[in-house]
Amino acid sequence: MAAGDKYIVRVKMPRNEEVKFEDIIRGWVCVNTNNLDDKVLFKSDGMPTYHLANVVDDYLMNISHVIRGEEWLPSAPLHVLLYRFFGWADEMPQFAHLPLILRPDGNGKLSKRDGDRLGFPVFPTNWKNPETGEQSSGYRERGYYPGAFNNMLAFLGWNPGTTQELFSMEELIQAFSLERVGKAGAKFDFDKTNWFNQQYLRMYTGIELATQLMPYLEAESLEAENEYTAQVCDLMKERATFVKDILKEGRYFFEAPTSYDEKTIKKKWKEQTPAIITELSGLLKELPSFDPESIGACFKSFLEAKELGFGAVMPGFRLSVTGLGAGASMNNIAALLGKEEVLKRIEVALNTIKK
RNA sequence: GGUCCGUUCGUCUAGGGGUUAGGACUCAUGGUUUUCAUCCAUGCAACAGGGGUUCGAUUCCCCUACGGACUACCA
């Protein structure tokens, strides 16, 4: 050392001594020091290892609880010993070793590789490894709400003991306790994560959702009045898991259909359909008020007058206006689009769809 | 290999010496809906195995099996 040689500092582990500590989640954990080795405390570059740094930092910061993953459990006895050796045993924080999050397929700790392989994110936000340049996708960018993500995460290993599953951050803070955290690892469930997001989405108003949808509209150069978009969102939110689904499922609200669903044409666009739709169009044109109720009433009286069933008219009507075979109530859709637009679309459809 | 931790429906889990073992997600079926979705109802489905303790174990104890974590001058 005097000659300037590199050196490290290790802890001198006592022989054959039981180290015991109480973990909040696991209860008493007991390890014999014979199974522990003389861990390095200072590396040859003069920097402390995690084991030393963690204990010193936490002591200096008056940390009350050390809450970390189960992978730290094997080195916890070393940390307990360190507190003792430094004379800090009385001020040692409480330990809680959380169960691991397991991969959805098979077993084993969830890793970022699993996400790439199985097609779901493992990080809260997009992340680029500064060393390797490797990209990992995040929940936020995929359209998950922070609240939904937290809610899902909290329920991986913890539960309130009631049947309530939806918790705001404030409720979570109130209800959460380490004592109710389970010991076993939990597999990540993608379906359940989506369900949480769907539940959160539905709690927003149409106006709030419209604001959230704006960036997606802009990205595709689609324009719409905020008030209009809000109404679209109100109508569509029951069928969406992510905000972007509203655009995906309801693109026809923002631009006329450019194509018509082949399957629906094949099954529902009969020989007499063009004539029927033309006649319906004529009636809609005369409607003094183009609101959902009036449109519905008009539609119904048309069916009665012509002695037609819903199935003979509605699919063609929907296909002409939206280009799709299924979706929200046509009365609402038509009313939202407005008479002029609806009539125009029908005209285009009649000229475009060939049987 | 060694040490430590774990094991209730496919998944997340509640429960806890005597229960029809409860809920949620998924899936299936039925109802509502012009359609799809939603919503409602119903259904499928679990205490890893073996020993104890006990009048009685899924619950307590032990063993086995299986799974996981750790075993770096990483964290």
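All heavy atoms count here, side chains included; hydrogens, waters and symmetry mates do not. Remember, predicted model here, so these are calculated numbers, not experimental data. In what follows, chains are A, B, ... by sequence order, proteins preceding strands, each numbered from 1.
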- prompt: Looking at A:K192, does any N or O in its side chain come under 4.0 Å of the phosphate oxygens OP1/OP2 on B:U13?
  reply: no

task: Applying side-chain contact (heavy atoms from CB on, under 4.5 Å), name anything that partners A:K285, two or more places apart in sequence or on another chain.
output: A:L343

Same-atom distance (C1') from B:U7 to B:A41, integer angstrom: 34 Å

query: Between A:H97 and A:R26, does any side-chain donor sit less than 3.5 Å from a side-chain acceptor?
result: no

message: Students often get this wrong, so: under 4.0 angstrom with heavy atoms, is A:K109 touching a base, only sugar-phosphate, or nothing?
response: sugar-phosphate

query: Which residues, ordered by chain and number, are linked to A:M47 in its hydrophobic cluster, where ILVMFWY side chains connect at heavy-atom gaps below 4.5 Å, directly or through other members?
result: none

query: Do any N or O atoms from the side chain of A:K248 and from the backbone of A:V243 form a donor-acceptor pair under 3.5 angstrom?
result: no

message: Taking transitive links into account, so neighbours of neighbours count too, which hydrophobic residues share a cluster with A:V40 at under 4.5 Å side-chain distance?
response: A:I8

query: If you look at every strand shown and take non-hydrogen atoms under 4.0 Å, does A:G311 touch a base, only sugar-phosphate, or nothing?
result: nothing

query: Would you say the ring centroid of A:F167 lies under 6.0 angstrom from that of A:F176?
result: no

Residues forming a ring pair (Phe, Tyr, Trp, His ring centres under 6.0 Å) with A:F42, sequence neighbours excluded: none

Residues 305-324 of chain A side chain polar contacts: donor-acceptor under 3.5 Å, at least two apart:
from: A:K306; atom 1: NZ; to: A:E279; atom 2: OE1; distance (Å): 3.2
from: A:K306; atom 1: NZ; to: A:E279; atom 2: OE2; distance (Å): 3.2
from: A:R318; atom 1: NH1; to: A:A328; atom 2: O; distance (Å): 2.9
from: A:R318; atom 1: NH2; to: A:A328; atom 2: O; distance (Å): 3.0
from: A:S320; atom 1: OG; to: A:G316; atom 2: O; distance (Å): 2.7
from: A:T322; atom 1: OG1; to: A:R318; atom 2: O; distance (Å): 2.8
from: A:T322; atom 1: OG1; to: A:L324; atom 2: N; distance (Å): 3.1

- request: Can you sort out the partners of A:K39 under side-chain hydrogen bond (donor to acceptor under 3.5 Å, both in side chains), two or more places apart, ordered by chain and number?
  value: A:D37

- prompt: Got a sec, which residues hit side-chain hydrogen bond (donor to acceptor under 3.5 Å, both in side chains) with A:S111, two or more places apart in sequence or on another chain?
  reply: A:D114

- prompt: Looking for any heavy atom pair under 4.0 Å, which part of the strands does A:M236 touch: base, sugar-phosphate only, or nothing?
  reply: nothing

- request: Say whether A:Q212 and A:Y145, considering side chains only, have a donor N or O and an acceptor N or O under 3.5 Å apart.
  value: yes

Selection: residues 142-173 of chain A, any non-hydrogen atom under 4.0 Å of RNA chain B: A:F155, A:L156, A:G157, A:N159, A:T163, A:E165

message: Heavy atoms only, 4.0 Å cut-off, all strands: where does A:R180 land among base, sugar-phosphate and nothing?
response: sugar-phosphate

message: Using a 4.0 Å heavy-atom cut-off, does A:S44 contact any base of the nucleic acid, only the sugar-phosphate backbone, or nothing at all?
response: base

task: For the residue pair A:T229 and A:N226, confirm or rule out a side-chain donor-acceptor distance under 3.5 Å.
output: no

- request: Summarise protein proximity over nucleotides 38-45 of chain B in one line of letters, 5' to 3': B for base, S for sugar-phosphate only, - for none, counting protein heavy atoms closer than 4.0 Å.
  value: SS------

- prompt: Below 4.0 angstrom, N of the basic side chain to O of the carboxylate: do A:E255 and A:R251 qualify?
  reply: yes

- request: Scan A:L324 against the nucleic acid and name what it touches under 4.0 Å (heavy atoms): base, sugar-phosphate only, or nothing.
  value: nothing

- prompt: Looking only at atom P, what distance separates B:C5 and B:C62, rounded to whole Å?
  reply: 12 Å

message: According to side-chain hydrogen bond (donor to acceptor under 3.5 Å, both in side chains), who are the partners of A:R180, at least two apart in sequence or on a separate chain?
response: A:N159

query: Going by heavy atoms closer than 4.0 Å, what residues in residues 281-295 of chain A are next to RNA chain B?
result: none

Just the atom pairs and distances: protein N or O near nucleotides 5-9 of chain B's N or O, under 3.5 Å.
from: B:C5; atom 1: O2'; to: A:R26; atom 2: NH1; distance (Å): 2.7
from: B:C5; atom 1: O2'; to: A:E70; atom 2: OE2; distance (Å): 3.2

- request: Using a 4.0 Å heavy-atom cut-off across all strands, classify A:A240 as base, sugar-phosphate, or nothing.
  value: nothing

